[in-house]
Amino acid sequence: MRIPALLLMIVLMGSCTKQGDYYVSGVVIDAQGCYPGSKLVWIDNPLPGPYDFLCRDAPPSGMNCGNSVYITNIPASLAGTGQKVMFKGWTTKISCSSSTTSPNHIEVDVIKAR
């Protein structure tokens, strides 16, 4: 009885997706965030559910927390305006902005050119 229950638990744990286990793609925009060297990235397909750094109630136009994010640890080789990037694994950082709709700041685990 214990072996089937243990196998079921292992299968269920393996099927869970941790936050940031998949790549998010976007385009670097020439803008500076709160942290030195941070850049604004416009997310290609903004999904507030799986991308917890995005907000749900953002204005429909412009760069905001619903469609973009500041990456605080983007390497200089990927920080050029128009550079297409992919990243995964992120930690939300404290923002210096007082606006509730300004993009969040995140530190990513992996980032590469797309």
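As the structure is a prediction and not an experimental result, all values here were calculated from the model. Along the sequence shown, the residues carry numbers beginning at 1. Note: hydrogens, waters and symmetry copies are ignored here, and every other heavy atom, side chains too, is used.
Residues Val27 and Gln83 fail the side-chain proximity criterion, which asks for heavy atoms closer than 4.5 Å. Within the 4.5 Å cutoff, the side chain of Lys112 has no heavy atoms near those of the Phe87 side chain. Counting heavy atoms from C-beta outward, Val41 and Val85 have side chains that approach closer than 4.5 Å. Here the side chains of Tyr23 and Val110 are in contact, with some heavy-atom distance below 4.5 Å. No side-chain heavy atom of Ile74 sits less than 4.5 Å from a side-chain heavy atom of Ser38.
Shortest non-hydrogen contact noted between Lys39 and Val28 is CB-CG1, 4.0 Å. Considering every non-hydrogen atom in both Cys34 and Ser97, the closest pair reads SG-N, 3.9 Å. Across every non-hydrogen atom of Ile111 and Pro75, the tightest pair is CG2-CD, 3.7 Å. Across Gly49 and Arg56, no two heavy atoms sit closer than the pair CA-NH2, 3.8 Å. Among all heavy-atom pairs drawn from Gly66 and Pro46, the shortest one is O-CB, 3.3 Å.
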Steps toward side-chain contact (heavy atoms from CB on, under 4.5 Å) verdict (Trp90, Ile71): CA-CA 9 Å; Trp90 56 82; Ile71 297 180; over 6 Å; no
Before giving the answer on side-chain contact (heavy atoms from CB on, under 4.5 Å), spell out for Val24 and Ile43 the whole-Å C-alpha distance, their side-chain angles and the decisive distance to 0.1 Å. CA-CA 7 Å; Val24 180; Ile43 305 303; 3.9 Å; yes
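For residues 41-51, the side chain to side chain donor-acceptor pair (under 3.5 Å) pairs, not counting sequence neighbours, are Ser25-Asp44, Asp44-Arg114. Residue pairs meeting the ring pair (Phe, Tyr, Trp, His ring centres under 6.0 Å) criterion with at least one partner in residues 56-82, sequence neighbours excluded, are Tyr70-His105.
Considering CG of Asn104 and CG of Leu54, their distance stands at 8.0 Å, rounded to 0.5 Å. Distance OG1/Thr81 to CG/Asp30: 3.5 Å, rounded to 0.5 Å.
The backbone N or O of Ile106 lies less than 3.5 Å from a partner atom in the side chain of Thr72, making a donor-acceptor pair. Side-chain N or O atoms of Asn73 include one that pairs as donor or acceptor with a backbone N or O of Val108 at under 3.5 Å. The backbone N or O of Ser102 lies less than 3.5 Å from no partner atom in the side chain of Asn64, so there is not a single donor-acceptor pair. Put simply, the side chain of Asn67 gets close to the backbone of Gly62: a donor and an acceptor are under 3.5 Å apart.
In the displayed structure, Leu47 atom CG is contacted under 6.0 Å by more than 12 heavy atoms of other residues, nucleotides or ligands.
Evaluation of the side-chain hydrogen bond (donor to acceptor under 3.5 Å, both in side chains) rule for Ser99 yields Thr101 as partners, not counting sequence neighbours.
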